[in-house]
Number of protein chains: 2
Amino acid sequence: MSGSEVQKPPPLAKALYRARQGDSPCAACDVRHLAVCSALEESDLNELEAILHHTQLSAGDTLFDEGEPSTNVYNLTTGCLKLYKLLPDGRRQVTGFLFAGDFVGLANRDEYIYSAEAVSAITLCRFEKRKLDQLMHDHINFERRLLGMARFELAEAQDQILMLGRKTAMERISSFILMLSERAKRRGDPDNPVGLPMSRNDIGDYLGLTTETVSRTITRLRKSGTISLDTDHKVIINDREALVEIAEGY
Amino acid sequence: MSGSEVQKPPPLAKALYRARQGDSPCAACDVRHLAVCSALEESDLNELEAILHHTQLSAGDTLFDEGEPSTNVYNLTTGCLKLYKLLPDGRRQVTGFLFAGDFVGLANRDEYIYSAEAVSAITLCRFEKRKLDQLMHDHINFERRLLGMARFELAEAQDQILMLGRKTAMERISSFILMLSERAKRRGDPDNPVGLPMSRNDIGDYLGLTTETVSRTITRLRKSGTISLDTDHKVIINDREALVEIAEGY
DNA sequence: CGATACATTGAGGTTTATCAATTTGTGTGG
DNA sequence: CCACACAAATTGATAAACCTCAATGTATCG
């Protein structure tokens, strides 16, 4: 369907860019155009910075657990974070994977309604909800931006529901690879060798399948030539058209 | 878990209430406290009324189809509406059932991302999106209300995703009955003999099951005494505790 | 380089889907 | 109000997709 690869600026350019920006870390943020922060004018960024704390976690670390009071919201700036819910007997449903630029907390009420765990090493901006609410109050664009994000996520949720309710294992895996590819592109990462930072088990818990079914299905896609594996966590899409057809149920 | 039954005002009281309200239909609207309209002051209601059109549909009528330009949004005031998406081979996923007070269109982009069809006879308030956006611009509370609704729906979508990804047929049916009961209560309808206006087929397409599995599962719940059927479309919950335990996966 | 977690592959079982028949419910016209 | 026709729901028998349990292979990280 596409094929053009938008590359992230290489480290050197990035450093120069940052250096040029003066003393506001937010102004130099790589993902500002993707994040909630894009709703604010350059001149209002200091207000945001005043209430923001940078945080980092290693792969496997827990950010918060379902049921905890949701005092903070976050904006992911690097890495991959997974959100999940558990049933009492241990069955797990991963409800989403988040990447750079994604906002964590829109769906949460007074308590977190899911747990969040780092898939890879991650960095995030943490905001106290209380303070952010206050700031939001004075910046209508910020609220508009959040409404826009919520509506977007709602539309994505519909697709996930269709997938879980009616798609076969083959269709789910194909949809998943394409989704990751499209999201990578959207945030300026390469969209063809597409990274799958999460484990097969995590993929299964996201797609409502077992690890084994995920593995077998990827093998089938590989043997058919539609995709190749560079490593277990890097997929080469050989025939995007075919993948789209499978994903959409033709 | 609960049991108290909040009854709708009977028709006579309703008529008197309406008569008392003067010349603003919105001010007398039964579901105003549930709908988006609750975001507006009494004094601003005329603005809303100026851009609103009342509509009604019979059971089975289509409100809009996936892919159409989404020029309107709606607020459902009576009856039940279903939203669904189709795969090319005809597999269908019902992504939601809407009742009085529910808003249609939050998730939609420039084109409707799902089709909408009346389950029962329905009445709705139609708004031209363009005009509503304009009005919204002047009424920050309206936007806040929409953001609140979107966040609420996002949280509900998480539960639906958990259900479709990880719950058994038995757990899905139990969750579904409880959800309908809770929503009925929330809008002031009886929460115990709980109405199921939709067909078994629709339920199946919502829960990612077939008609037959829905039917068999309801039969099992009936034979175990947990529920009874008044008619096919009215369920009596005999043991709510048990139903909750099943629904939550114990 | 070895230990450990992760991924793949295989054999067999379970749940739910599919196909088919029957019963029940609903709405319409006589 | 009843009889009929049609749609919806139920029930049964069989099949398929995916899960479970188990073994083997392969990255990854001290």
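Here is the naming used below: chain letters follow the sequence lines, and residue numbers restart at 1 for every chain.
Protein atom CG of A:Leu164 is 15 Å distant from nucleotide atom C1' of D:dC18, rounded to whole Å. For the pair A:Asp232 CG and D:dG25 C1', the interatomic distance rounds to 11 Å; values are reported in whole Å. At whole-Å resolution of the value, NZ in B:Lys167 and P in D:dC19 are 18 Å apart. One interatomic measurement links the two molecules: CZ of A:Arg222 to C1' of C:dA7, which rounds to 11 Å at whole-angstrom precision. A straight line from CG of B:Leu221 to C1' of D:dT10 spans 15 Å, rounded to a whole angstrom. One atom, CE of B:Met198, and another, P of D:dA8, lie 15 Å apart when rounded to the nearest Å. Per the geometry, CZ belonging to A:Arg220 stands 14 Å off C1' belonging to C:dT9, to the nearest Å. Look at CG on B:Leu229: it is 10 Å from P on D:dT11, rounded to the nearest Å.
Between B:Phe97 and B:Tyr206, the ring-plane angle classifies as tilted under the 30° and 60° cut-offs.
At the heavy-atom level, A:Thr168 lies under 4.0 Å from the strands shown only through sugar-phosphate atoms. Within 4.0 Å (heavy atoms only), A:Ile218 reaches no atom of the nucleic acid at all. Across all strands, B:Ser199 comes closer than 4.0 Å only to sugar-phosphate atoms, never to a base (heavy-atom distances). At the heavy-atom level, B:Gly208 lies under 4.0 Å from the strands shown only through sugar-phosphate atoms.
Nearest-nucleotide positions on DNA chain D for A:Val214 and B:His233 put B:His233 closer to the 5' end. DNA chain D is contacted by both A:Arg172 and A:Glu212; A:Arg172 maps to the nucleotide lying nearer its 5′ end (nearest heavy atom per residue).
Closest to the A:Ser215 side chain, of the nucleotides D:dC18, D:dT11, C:dA7, is C:dA7. Side chain of A:Arg200, nearest nucleotide from D:dT10, C:dT16, C:dA7: C:dA7.
Ion pairing of B:Arg183 with B:Asp102 is present here, as a side-chain N (NZ or NE/NH1/NH2) and a carboxylate O approach within less than 4.0 Å. One finds a salt bridge joining A:Arg92 and A:Asp202 here, because a Lys/Arg side-chain nitrogen approaches an Asp/Glu carboxylate oxygen to under 4.0 Å.
Between D:dT11 and B:Thr219, a contact under 4.0 Å exists linking OP1 or OP2 to a side-chain N or O. Taking side-chain N and O atoms only, B:Thr210 has a distance below 4.0 Å to OP1 or OP2 of C:dA17. Under 4.0 angstrom from either OP1 or OP2 of D:dT10 there lies no side-chain N or O belonging to B:Arg216.
Using a 4.5 Å heavy-atom threshold, the side chains of B:Gln93 and B:Leu164 count as touching.
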Go through A:His54 and A:Cys125 one step at a time and tell me if the side chain to side chain contact (heavy atoms under 4.5 Å, CB included) criterion holds. CA-CA 5 Å; A:His54 291 279; A:Cys125 296; 3.8 Å; yes

